[in-house]
Amino acid sequence: MNPTLQQDLRDIENILEQVKLHGIDFLNSIDTVPTSTQNSIDTTGNLNDSGIGSLAALEVFKQRLAPLMVSQAGPRYWGFVTGGATPASIAGDWLTTIYDPNAQATKAQGGISALVEFETINFLLQLLDLPKSFLGGFVTGATMSNFTSLAVARQWFGKQLGHDFAKEGITAPLNILTATPHSSSIKCLAMLGIGSQNFTKIKTIEGNREAIDISDLEQNIKNLNGQPFILISSAATVNTADFDDFIAISKLKEKYNFWWHIDAAFGGFAACSPKYKHLVNGWEYADSITIDCHKWLNVPYESAFYLIKEQHKNLQVETFQNSNAPYLGDPLENFNYLNFLPENSRRLKALPVWFSLLAYGKQGFQDIVENSIEMALQFDAFVSQSEEFELLAPTRLNNVCFTLAGDHNQEKVNLFLTHLNDKSKVFMTPTVYQNRKGIRASFVNWRTNENDVKIAIESLQETILELGIQ
Ligand SMILES: *Cc1c(COP(=O)(O)O)cnc(C)c1O
């Protein structure tokens, strides 16, 4: 064995102890770690020949990188839709790394890791009150979950026309209908060879809404004259957390032939709260659903899962089967995740989720979800009553979409946001909503409390004063 590796192996206890101590330091100060940095690092350095060992590498990390790492997992990172990591999820993530299994088969080869994944999906279905008719698996993020689901939808579409797109390639144009898709679904259309321009945009409901207009949807369905199509719907939109009407869509499904996909990356967690569960009523009739765990479930990146109805199992295997390897056997007989999704070798991403669900249960996630919404509403209350800001849309769930008050300040919105973010107390992202420049604050982190909302509001007010915005 290489001598440095040998030394590390002898030192493993101390190495892990030092990493733990450093990690605890970070977690204990996460409230005061800046939410952004303007510093950068020189990335052109030379790789050393002989290696310095883990403890010395840890020193370099501490000196050079750690001071520049921002508090993205902290309570005031409200940009994008960014979750943190609960203690249980960190424990599960560490053990995933330590055991380092390759989560693939339910029999022999991979030990029980794929079964741990099955059990975790079973728990998630219970958390979200979804039926067992869905089969699920873990992928790196909602983008890959949308990709997996839409890839099977693509295969379904081909089959409706008597084609096997997985084998032949795409031999007929697809019909995709959607109202306010997340940008990642459009990226998936590009990756899947469907084409990012090749979708029909359905109108949204009149007024300040991003949800699909059901009568315009039905009109567009009729225009297809009985051709099959794929519907990409939202639970929820990232700007204003608006939900499509799933009861209405499920009624259309009784009349028309389509694959129904729901991107519920963060909004699916509305199902954890009796107060907000109605927003996803009817979603159980979808063919496929995308859900992120590294957002509202507050587990470390990269963690998301897809749910696809078991009745589509054959289409899923046709899409993803890795059957050229004879030792893998019949994909429908010998279950192996590599025949059901894009990756072959896979981290056991289910374990941090498994730990979290065992540790906190249904009540824990109801509390996280309801607290996030409560914090969003407190921030909304400040925006609504202030003279300097105005809401761009009502706060329906956990995202507050707002801007500087008055059209005369539209040109200053991005400048304002840059200054606010540079102060490093709170981080938010820019958006454009109904042709107006705006700002989004998304509440998903389990740590966020009233004091964080207060600190953020003070930072907003200071920025207004500094820039002399009126
Ligand atoms: C975040 C998000 C995505 C993309 O998720 P990743 O995990 O970043 O790949 C897709 N759809 C919605 C609605 C999202 O909020």
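Note that these values count all heavy atoms, side chains included, but never hydrogens, waters or copies made by symmetry. Just follow the structure's listing: the first ligand is 1, and inside any ligand the first atom is 1. We count residues from 1, following the sequence as given.
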Asn449: side-chain contact (heavy atoms from CB on, under 4.5 Å) partners, not counting sequence neighbours
Asn451, Asp452
Side chains of Ser384 and Asp380 only: does a donor on one sit below 3.5 Å from an acceptor on the other?
yes
Pairwise salt bridge (charged side-chain N to carboxylate O under 4.0 Å, His left out) hits with a residue in residues 345-355, at least two apart:
Asp93-Arg347, Glu117-Arg346
Test: side chain to side chain donor-acceptor pair (under 3.5 Å). Region: residues 190-208. Which pairs qualify, not counting sequence neighbours?
Asn208-Tyr433
Which class fits the ring pair Trp260 and Phe258: parallel under 30°, tilted 30 to 60°, perpendicular over 60°?
tilted
N or O contacts of ligand 1 with protein under 3.5 Å, please list pair by pair.
from, atom 1, to, atom 2, distance (Å)
ligand 1, 5 (O), Asp292, OD2, 3.3
ligand 1, 7 (O), Ala142, N, 2.9
ligand 1, 7 (O), Asp292, OD1, 3.2
ligand 1, 7 (O), Asp292, OD2, 2.8
ligand 1, 7 (O), His294, NE2, 2.7
ligand 1, 9 (O), Ala142, N, 3.3
ligand 1, 9 (O), Thr143, N, 2.8
ligand 1, 9 (O), Thr143, OG1, 2.6
ligand 1, 11 (N), His182, ND1, 3.4
ligand 1, 11 (N), Asp263, OD1, 3.2
ligand 1, 11 (N), Asp263, OD2, 2.6
ligand 1, 15 (O), Lys295, NZ, 2.8

Ring centre gap for Phe389 and Phe416 strictly below 6.0 Å
yes
